[in-house]
Amino acid sequence: MDRKLPRILAAIIIPASLLAAAGFLLYSLWLRGAFLPGWIEWNRDVRETLPEELSEKLDPSWLLQDARSFDLTGNGNSEEVLLIWKRGSYGRRKPTWVKKNDTGFSQHIFIYELRDGEYHPIWMSSALDFEVASMSEGKLIPGTDHSGPGRKSLCLKSPDGTESFWGWLSWGLRRI
């Protein structure tokens, strides 16, 4: 009986260890976004295009899909518009009606402006309820209350190629 015990333990411990290692590997890959949808159009060099001061402020766990710099608000200065994948819809604080923050990856649009030599967030969306394959600087759209002097729209392209245009309100984006 004593001779069988090491074999029995090995038959249990080795597969359990392999299963734990595989689980750890899959979890590590998931944390890095390895299982995100294939339709995402990644701008691989986007971090290098960001101002260093802004890049240093970004959470290293965020996956930066794309960034654009243009006057979205119509104030005469360019804002930095970021398309980000991150885990959870909210940060440390969540709305009172939300009981538990989700842990899956979701897309978000974050907008920063340069004020007094520092970048400050002016809008950070919760998880988007639609899929964005890519984004670009939109055009001025005349005849709407969203077009101001120098103000441009944000063009979001879905995985099927449909484009939607978003304009800046006094706080936040609105589809136009």
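Because the structure is predicted, anything quoted here is derived from the model rather than measured.
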What residues form a salt bridge (charged side-chain N to carboxylate O under 4.0 Å, His left out) with Glu131, not counting sequence neighbours? none

Which residues satisfy the side chain to side chain contact (heavy atoms under 4.5 Å, CB included) test with Leu114, sequence neighbours excluded? Tyr119

Just verifying a value: how many Å separate Trp62 CH2 and Leu83 CG, rounded to the nearest 0.5 Å? 12.5 Å

With sequence neighbours left out, which residue pairs that include part of residues 107-117 fulfil the side chain to side chain donor-acceptor pair (under 3.5 Å) condition? Gln65-Gln107, Ser106-His108, Glu113-Arg115

Looking at residues at least two apart in the chain, or sitting in another chain, which of them share a salt bridge (charged side-chain N to carboxylate O under 4.0 Å, His left out) with Lys57? none

State which residues pass side chain to side chain donor-acceptor pair (under 3.5 Å) with Ser55; sequence neighbours excluded, sorted by chain then number. none

Please report the interatomic distance CG(Leu173) to OG1(Thr73), rounded to the nearest 0.5 Å. 11.0 Å

Scan for salt bridge (charged side-chain N to carboxylate O under 4.0 Å, His left out) pairs involving residues 59-68, sequence neighbours excluded, and state none if there are none. Asp66-Arg68

Taken in chain and number order and not counting sequence neighbours, the residues that satisfy side chain to side chain contact (heavy atoms under 4.5 Å, CB included) with Ile13 are Leu9, Ser17

Sequence neighbours excluded, the answer for side chain to side chain donor-acceptor pair (under 3.5 Å) partners of Glu163 is none

Who pairs with Ser78 by side chain to side chain contact (heavy atoms under 4.5 Å, CB included), at least two apart in sequence or on another chain? Ser69

Once ring-ring contact (aromatic ring centres under 6.0 Å, His included) is applied, do any residues pair with Phe70, and if so which ones, sequence neighbours excluded? none

For Thr162, what residues pass the side chain to side chain contact (heavy atoms under 4.5 Å, CB included) criterion, not counting sequence neighbours? Ser158, Asp160

Listed partners of Trp166 passing side chain to side chain donor-acceptor pair (under 3.5 Å), at least two apart: Ser164

